[in-house]
Amino acid sequence: MATETSLSEFDWLTLDSDEEVLWGDTPHPYSLVPIFIVGIPLSFFLVGIPILVGGYLSFKNTNYVVTSDALYKKTGVLSRNVQRIEFDKVQDTSYSQTFLGAQFGYGSVNISTAGGSGIEMSFDSVSDPQTLQSLVNERIKQRGGRTSESDGKAAVLDDILVELRAIRAAVEDGDTQAAAAAATETEAATETDETPESAESADFDFDTSVTNDR
């Protein structure tokens with residue numbers, strides 16, 4: 001587990017305002033042993049010198065960081081390559097150890113993502129890989145719980161929206177029916193008012209005809 005002093009060396013790391021560093025480290029020093037085994041004998045023929053120098057520089061310029069939101073890996077000697085994978089995208093984790101890794105307590109933690117092809121990120125030669133894998137899996141579960149809770153709240157809001165729309169449609173339909181009923185009553189009242197006038201006109205015409213006959 002990285003200390004506060006060692007974390008200050010990760011100047012390449014840019015975090016969000018609410019993101020916290022949970023773990024940070026470099027490859028295990030004993031991971032250089034195979035390079036020395038191969039490089040030192042070959043250095044007498046000058047072939048091993050580039051192997052030793054390249055292996056050491058790669059070791060010094062490799063960093064791994066686990067935060068509350070994502071996984072980070074920084075590599076590169078002459079250039080800098082920073083890889084980031086959010087926990088929401090992690091689908092599977094695994095760890096492996098070589099014979100020397102099992103003897104000296106280091107190994108590799110492999111990360112696979114949803115929709116990816118194979119291993120997308122590997123924390124190579126880290127100390128206590130099993131503990132690191134457990135930390136990553138724990139963060140994946142916590143992030144998954146938050147996602148499920150957010151999805152549940154969204155579903156409740158959707159149900160409320162559906163109910164409100166149904167109520168609005170019912171109210172508008174009721175207003176339409178009331179308006180239609182009022183219009184029907186108005187037409188009926190108008191026809192009733194016109195009927196006596198017609199009757200009175202008919203009576204008046206009858207009386208006039210009778211008078212003329214007389």
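For clarity, every value in this text was computed on a predicted model and none was experimentally measured.
Side chains of Y72 and L15 form a contact here, defined as non-hydrogen atoms less than 4.5 Å apart. With a 4.5 Å cut-off on side-chain heavy atoms, D124 and V109 do not count as touching.
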Where do I49 and L52 land on the side-chain contact (heavy atoms from CB on, under 4.5 Å) test, with the steps shown first? CA-CA 5 Å; I49 295 178; L52 292 173; 5.6 Å; no

Begin with the C-alpha distance, continue with both residues' side-chain angles, and end with the deciding distance and a verdict on side-chain contact (heavy atoms from CB on, under 4.5 Å) for T62 and F123. CA-CA 10 Å; T62 300; F123 285 11; over 6 Å; no

Under the side-chain hydrogen bond (donor to acceptor under 3.5 Å, both in side chains) criterion, do T67 and E19 qualify, and how do the steps go? CA-CA 7 Å; T67 70; E19 191 174 5; 2.5 Å; yes

Between V65 and L71, does the side-chain contact (heavy atoms from CB on, under 4.5 Å) criterion hold? Intermediate values first, please. CA-CA 6 Å; V65 175; L71 304 166; over 6 Å; no

Derivation of the side-chain hydrogen bond (donor to acceptor under 3.5 Å, both in side chains) call for N63 and T26: CA-CA 5 Å; N63 298 120; T26 59; 5.4 Å; no

Step by step, work out the side-chain contact (heavy atoms from CB on, under 4.5 Å) result for V126 and H28. CA-CA 5 Å; V126 292; H28 196 285; over 6 Å; no

Step-by-step salt bridge (Lys or Arg N to Asp or Glu O under 4.0 Å) determination, D69 to R143: CA-CA 8 Å; D69 294 340; R143 295 285 295 185; 3.2 Å; yes

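Taking hydrophobic clusters as Ile, Leu, Val, Met, Phe, Trp and Tyr residues chained together by side-chain heavy-atom distances below 4.5 Å, V82 does not share a cluster with V77. By the criterion of side-chain heavy atoms lying less than 4.5 angstrom apart, applied directly or through intervening Ile, Leu, Val, Met, Phe, Trp or Tyr residues, V33 is not grouped with I40; the two fall into different hydrophobic clusters. Grouping the Ile, Leu, Val, Met, Phe, Trp and Tyr side chains by contacts below 4.5 angstrom, directly or via other members, places I85 with L135. I37 and L42 sit in two unconnected hydrophobic clusters of ILVMFWY residues. Membership requires side-chain heavy atoms under 4.5 Å apart, directly or through other members. L100 and F59 are not part of a single hydrophobic cluster, where members link through side-chain heavy atoms under 4.5 Å apart.
Within a 6.0 Å radius of CZ in F104, other residues, nucleotides and ligands contribute more than 12 heavy atoms. Counted within 6.0 Å of NZ on K74, heavy atoms from surrounding residues, nucleotides or ligands total more than 12; the atom is thus considered enclosed. Annotation: Y30, atom OH; neighbour count of heavy atoms from other residues, nucleotides and ligands within 6.0 Å does not exceed 12.
Formation of a donor-acceptor pair under 3.5 Å by the S68 side chain with backbone atoms of E20 is found in this model. Within the 3.5 Å criterion, the main-chain N or O of E120 finds a donor-acceptor partner in the side chain of Q83. In terms of modelled atom types and a separation under 3.5 Å, the side chain of Y64 and the main chain of W23 share no donor-acceptor contact. Between the R80 side chain and the T75 main chain, no donor and acceptor come within less than 3.5 Å of each other. Judged purely by atom type and a 3.5 angstrom limit, S31 has no side-chain atom pairing as donor or acceptor with the backbone of P27. Looking only at distances, a side-chain donor or acceptor of K73 sits under 3.5 Å from a matching main-chain atom of S122.
Atom CD in E138 sits 12.5 Å away from atom CD in Q133 (nearest 0.5 Å). To the nearest 0.5 Å, the span separating OH on Y106 from OG on S127 amounts to 10.5 Å. One finds the CZ atom of F87 at 13.5 Å from the OG1 atom of T113 (value rounded to the nearest 0.5 Å). Rounding to the nearest 0.5 angstrom, the gap separating the CG atom in L32 from the NZ atom in K60 is 10.0 Å. Atoms CG and OG, from N110 and S94 in turn, are 4.0 Å apart once rounded to the nearest 0.5 Å. We find the CD1-OH distance between I35 and Y56 to be 12.0 Å, quoted to the nearest 0.5 Å.
Between L132 and the choices T93, D25, V66, the side-chain contact (heavy atoms from CB on, under 4.5 Å) rule is met once, by V66.
A pairwise comparison of heavy atoms in P129 and G105 identifies CD-O, 4.4 Å as the closest pair.
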